Amino acid sequence: MAANLTCFVPSPMRANHVHFVDGASGGYAFAAANLKRNVASGEAPVSERRSA
């Protein structure tokens, strides 16, 4: 079993940052891959779709 740790640092001049820990199922990494695929195809992300 493995996990992925990502540290997002918005600016090297500031101390604030966020850690993302993704378990073996790949939750946020899977979501990022889907978002990348949707953006490449011109499809809006689910959160930006408007219901009729």
Side-chain angles (χ1 to χ4, degrees):
M1 191 174 287
N4 184 27
L5 172 66
T6 301
C7 182
F8 175 70
V9 182
S11 170
M13 304 305 288
R14 299 182 66 183
N16 65 331
H17 62 276
V18 178
H19 291 128
F20 295 95
V21 178
D22 204 0
S25 297
Y28 88 83
F30 182 74
N34 283 336
L35 177 61
K36 185 176 181 178
R37 185 174 54 248
N38 289 347
V39 169
S41 70
E43 184 178 334
V46 174
S47 63
E48 294 183 12
R49 292 184 191 157
R50 300 187 193 274
S51 58

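Since the structure is predicted, the reported quantities are computational estimates derived from the model, not experimental observations.
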A.B. asks: So which heavy atom on Pro10 is nearest to which on His17, and how close?
C.D. replies: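 Heavy atoms only, the tightest pair is CD-CA, 4.3 Å.
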A.B. asks: Could you pull out all residues at least two apart from Arg14 that satisfy side chain to side chain donor-acceptor pair (under 3.5 Å)?
C.D. replies: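 Scan of Arg14 (side chain to side chain donor-acceptor pair (under 3.5 Å), adjacent residues dropped) gives none.
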A.B. asks: At what distance, to the nearest 0.5 angstrom, does NE2 of His19 lie from OG1 of Thr6?
C.D. replies: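 Reported to 0.5 Å precision, the distance equals 9.5 Å.
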A.B. asks: Is any side-chain heavy atom of Arg37 less than 4.5 Å from a side-chain heavy atom of Asn34?
C.D. replies: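 Yes, side chains in contact.
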A.B. asks: What residues, two or more places apart in sequence or in another chain, satisfy ring-ring contact (aromatic ring centres under 6.0 Å, His included) together with Phe30?
C.D. replies: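 With neighbours one apart ignored, the set is empty.
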